[in-house]
> 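Structure incoming, see below.
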Amino acid sequence: MPQTNRENGVSPARLAPADVQANFSDLHPAYDEHEALVAADRCYFCHDAPCMTACPTSIDIPLFIRQIATGTPEAAARTILNQNILGGMCARVCPTETLCEEVCVREVAEGKPVEIGRLQRYATDTLIAKGVHPFVRAPETGKRIAVVGAGPSGLACAHRLAMLGHTVVVFEARAKGGGLNEFGIAAYKSTNDFAQKELDWLLAIGGIEVRYDQALGQAISLDSLQGDFDAVFLGMGLSAVNALRLDGEDKTNVSDAVDFIADLRQASDLTTLPVGRRVVVIGGGMTAIDAGVQAKLLGAEDVTIVYRRGQEAMAASKFEQDLAQQKGVTLICNATPVGIAGNGSLTAVTFAYTETRDGKLVTLDETFTLPADQLFKAIGQKLGDTPDALVLDGGKITVNDAQKTNLANVWAGGDCASGGDDLTVTAVAEGRDAAMDIHATLMGAS
Amino acid sequence: MADLTSNFLGISSPNPFWLASAPPTDKEYNVRRAFEAGWGGVVWKTLGAEGPPIVNVNGPRYGAIHGADRRLLGLNNIELITDRPLEVNLEEMTRVKKDYPDHALIASVMVPCEEDEWKRIIPRIAETGCDGFELNFGCPHGMAERGMGSAVGQVPEYIEMVTRWCKEATDLPVIVKLTPNITNILMPAQAAKDGGADAVSLINTINSITSVNLDLMSPEPMIDGKGTHGGYCGPAVKPIALNMVAEIARNPGTHGLPISGIGGITTWRDAAEFMALGAGNVQVCTAAMTYGFKVVQEMISGLSQWMDEQGYTSIDEIVGRAVPNVTDWQYLNLNHVTKARIDQEACIKCGRCYAACEDTSHQAISMSDDRVFDVKDDECVACNLCVNVCPVEGCITMETIAPGAMDERTGKVVEREYANWTTHPNNPSATAAE
Ligand SMILES: Cc1cc2nc3c(=O)[nH]c(=O)nc-3n(C[C@H](O)[C@H](O)[C@H](O)COP(=O)(O)OP(=O)(O)OC[C@H]3O[C@@H](n4cnc5c(N)ncnc54)[C@H](O)[C@@H]3O)c2cc1C
Ligand SMILES: Cc1cc2nc3c(=O)[nH]c(=O)nc-3n(C[C@H](O)[C@H](O)[C@H](O)COP(=O)(O)O)c2cc1C
Ligand code: SF4
Ligand code: SF4
Ligand code: SF4
């Protein structure tokens, strides 16, 4: 990677525009037609396919791959979208290596799975590129449902409800929809403004109104939604972050990784985005990896991710860890931050080594110090303020198997709700399932 | 190293791989390069009568069937015999034969079904120094409508008659090329033999439509919105050709008649299979048209490696070796009982055997919650479907139940003695086995 700017501190344009552009190109480039046919031919059309069971949205994978193989990617896309309306985004961001592809019989047998994610992308891209919205709404039911949050869970819920004939109003705190698809996912996974294109395509079904700058707890209240609508779905994700609780956290150039990523995703010109020469990221999840890798791709000279437990405990998948290392990011495990140094601006971070004893993490006396001019905290997101009446469980809204909360006619799904991994695909599954239960509840009652 | 030298009808060639009469053998330029690349012989592209040359279509003349990675599995053509003047072909053949005396050069011929036409052209072609003739009674398109090609090949009396004319016109070996577009290959083969043919070669191409253009509603290849049936060849036709070769080789009336095996031969193994079923040599067209002349090098090295491994020293030792084991269904041993066996180590748990057996066979495979697949011996009829659909080679095999052991499905002890349908109690016309 050609380094053009070695200035200390945090500064923009560390790399030439062409290099930045190349660095942020598609992580898994789209298949062309022939590649897709060859990849599809590898699928065995398994009976009761393990891949399908592993997909949180239960997409009929063997069927859609066979539809690709027979030259009908549009039909394949319908198979996918029937189960997962954000099948296009999921094809780009799903950690397939820990989901469908992990259990693909060809992964188990040969260590080389059918590339389900890329095939899914081929199918959905083909249909979306044609501008086709493949679903039509059932006749109006007269029911009105409020959805809070225009992230994956909210959108999946809204779409399914609209399809079933209900009228949906989505209340979104931000000025833009898509949730973390738009503000969180790594830029090289969702290129060319795909999140907004997919959002527009999804809304083409009709029956969904999105109201922006409408935060629950500020512009609107749960009480009023419960009064004005037949049902409410909460899909507001995790809008707060965990604090490090360390002196020096307020120094300049110490910030939350999610904010850095959101800025990056919204930047119209990535060379204007400042980044440190030496960057330290604290955390072990997908956010830490994404922040570290993207800092490196912007031109940071040294990027080190420091995680307090052992590598095997990292929430980021092996694939993500390997990606970080390939891009030149250093991973240090078993170390926890104990000091942040700097006179106004950050200059170094000190860590103490850790050890796990009898299942408990113990901080050791031995320390080391990393010079740093930028520090990102990626130690977890958490639920923002929620209406008091909701029962929580481990910091998330408690829901039952049908995504129903403790409150009458209130459902929740996605990252804000209990159960399931914090993944786009899980959020979609939960939003869809909530919609089905809302539908059953409202229509059964009438 | 095994000696691949071939001596077919007294015509010697460095190996048994000949190029079949088709575009690869259409001209001197190609044939010279084919010999240089290693081909043992060629059957020159079919010559027609003197006069204005044949006219081919000017739109596409080939259609194809592909596998997923565009592997060409079957090819179809609507090409006619040579479209170059007879004189030019004869001059070129003469020159080539002179420069390659050790390679086989056979003239393929097709003229109208009249005695003097055949008797005039055969001696004339013989002047080229060619090693023999192949009578093309096979082409299923274009020429048949003019009373040639398969129009002759489908009428045994014509085959016999034309063959006899040719034998009267030359001392050189005459091979009759058979069309597969008939119900019983033995009839034309017998007719060729009766007419005095030195050998038969088969198969020529099979009447076919490879695909339909669903936008324009026309068969492919499409010419100005219309298509016609063409001749099918390539890997897809091999099983049909193998059966026809075997039938001629094992039928008492035609047994011993030399055969030049043709149809889908793509690798050394295909060639070895044809020869095991009675072909004295083989001819290849589509494989060369798909991969170029160089493919023969794999055929040569593969065949000689296999022969060395098996201890065969000459081609004669393989020819016809499998023929005694080709039999009729009624003579198969009904006391030979096998059961499918799944190698759990090799199994990748795709469940295809289960779906196949459960939905379409004998419900003889069980599936556990953790995807372990097992054969139920009391249901397995040994149909082999699971073996065929399993994506892992060698994962499911057929185990022979030893005589004296119980066949769980029938509840009977497996008998040691061979017994077939002809003596089976359920056979109304069974002959008592005493
Ligand atoms: C940096 C990062 C990278 C990630 N990478 C991946 C990945 O590669 N693959 C993957 O599968 N998952 C990834 N995830 C996780 C994934 O993005 C989430 O699981 C998913 O977006 C959850 O969807 P959601 O609808 O529950 O919430 P969100 O996507 O968070 O959407 C919630 C929406 O609600 C809005 N909102 C919040 N509060 C309010 C309020 N009070 N009133 C109204 N609206 C509100 C928000 O503005 C937002 O639009 C990543 C997460 C992060 C942070
Ligand atoms: C384009 C084409 C043209 C052919 N022309 C002739 C021909 O002129 N004379 C002939 O006897 N066979 C002809 N054949 C048939 C081949 O010689 C051969 O019998 C047939 O293709 C089967 O062999 P293969 O599967 O190796 O191709 C032709 C085949 C093709 C593909
Ligand atoms: S497990 Fe793999 S091979 Fe089997 S159906 Fe799924 S993708 Fe295809
Ligand atoms: S051999 Fe046939 S019957 Fe026996 S298990 Fe296999 S598919 Fe079933
Ligand atoms: S088809 Fe073969 S690999 Fe698949 S489950 Fe059956 S035995 Fe196993």
Side-chain angles (χ1 to χ4, degrees), chain A residues 31-55 58-76 97 99-116 118-120 122-123 126 130, chain B residues 63-74 210-216 220 235-236 340 342-376 385-396:
Chain A
Y31 278 144
D32 68 22
E33 186 185 343
H34 180 74
E35 287 174 308
L37 290 178
V38 173
D41 191 54
R42 292 189 69 239
C43 173
Y44 289 147
F45 201 69
C46 294
H47 173 75
D48 188 10
C51 54
M52 187 172 163
T53 313
C55 170
S58 308
I59 293 173
D60 192 336
I61 293 166
L63 178 62
F64 96 68
I65 294 181
R66 197 167 176 79
Q67 289 167 319
I68 291 176
T70 57
T72 52
E74 296 83 357
E97 64 280 2
L99 298 169
C100 53
E101 291 179 19
E102 179 179 43
V103 298
C104 170
V105 299
R106 300 204 72 167
E107 165 64 22
V108 178
E110 329 159 28
K112 200 166 176 288
V114 173
E115 292 194 301
I116 302 168
R118 291 179 78 186
L119 284 163
Q120 178 170 325
Y122 174 73
T126 304
K130 291 193 168 171
Chain B
I65 299 288
H66 291 110
D69 205 0
R70 293 273 302 170
R71 179 185 290 268
L72 193 139
L73 302 177
T210 42
S211 61
V212 175
N213 183 321
L214 289 177
D215 296 321
L216 300 170
E220 296 279 14
I342 296 176
D343 175 350
Q344 298 297 342
E345 290 289 303
C347 172
I348 62 169
K349 306 195 184 306
C350 68
R352 275 167 68 157
C353 56
Y354 174 81
C357 190
E358 185 71 10
D359 291 359
T360 72
S361 281
H362 298 84
Q363 298 75 47
I365 294 181
S366 63
M367 173 178 173
S368 70
D369 288 344
D370 55 345
R371 301 184 76 82
V372 174
F373 298 88
D374 271 315
V375 176
K376 302 182 219 164
L385 180 64
C386 55
V387 174
N388 297 138
V389 303
C390 175
V392 181
E393 191 171 349
C395 174
I396 311 183

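We name chains A, B, ... by the order of the sequence lines, and we start the count at 1 in each one. What you see is a predicted model, and the numbers here were worked out from it, not measured in a lab.
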> With chain B as the partner, which of A:Val108, A:Val105, A:Val38 has the greatest number of non-hydrogen pairs under 4.5 Å?
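When all of A:Val108, A:Val105, A:Val38 are compared, A:Val105 has the most.
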> Please check if the number of heavy atoms outside A:Arg66 that lie under 6.0 Å from its CZ is greater than 12.
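Not more than 12 within 6.0 Å, no.
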> So, B:Arg70 side chain and A:His34 main chain: donor-acceptor pair closer than 3.5 Å or not?
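Here the side-chain-to-backbone pair does not exist.
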> Just wondering, do A:Glu110 and B:Ile348 contact through their side chains at under 4.5 Å, heavy atoms?
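No, too far: nothing below the 4.5 Å cut-off.
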> Under the side-chain hydrogen bond (donor to acceptor under 3.5 Å, both in side chains) definition, can you give me all pairs with a residue in residues 342-364 of chain B, not counting sequence neighbours?
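For residues 342-364 of chain B, and leaving out neighbouring residues, the side-chain hydrogen bond (donor to acceptor under 3.5 Å, both in side chains) pairs sorted by first residue read B:Gln344-B:Asp374.
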> To the nearest 0.5 Å, what is the distance between CG on A:Leu37 and NE2 on B:His66?
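It is 12.0 Å, given to the nearest 0.5 Å.
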> For atom CG of B:Asp369, decide whether the heavy atoms of other residues, nucleotides or ligands shown that lie under 6.0 angstrom number more than 12.
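Result for CG/B:Asp369: open.
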> Looking at A:His47 and B:Gly351, what are the two nearest heavy atoms and their distance?
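Distance-wise, the nearest heavy atoms are CB-O, 3.2 Å.
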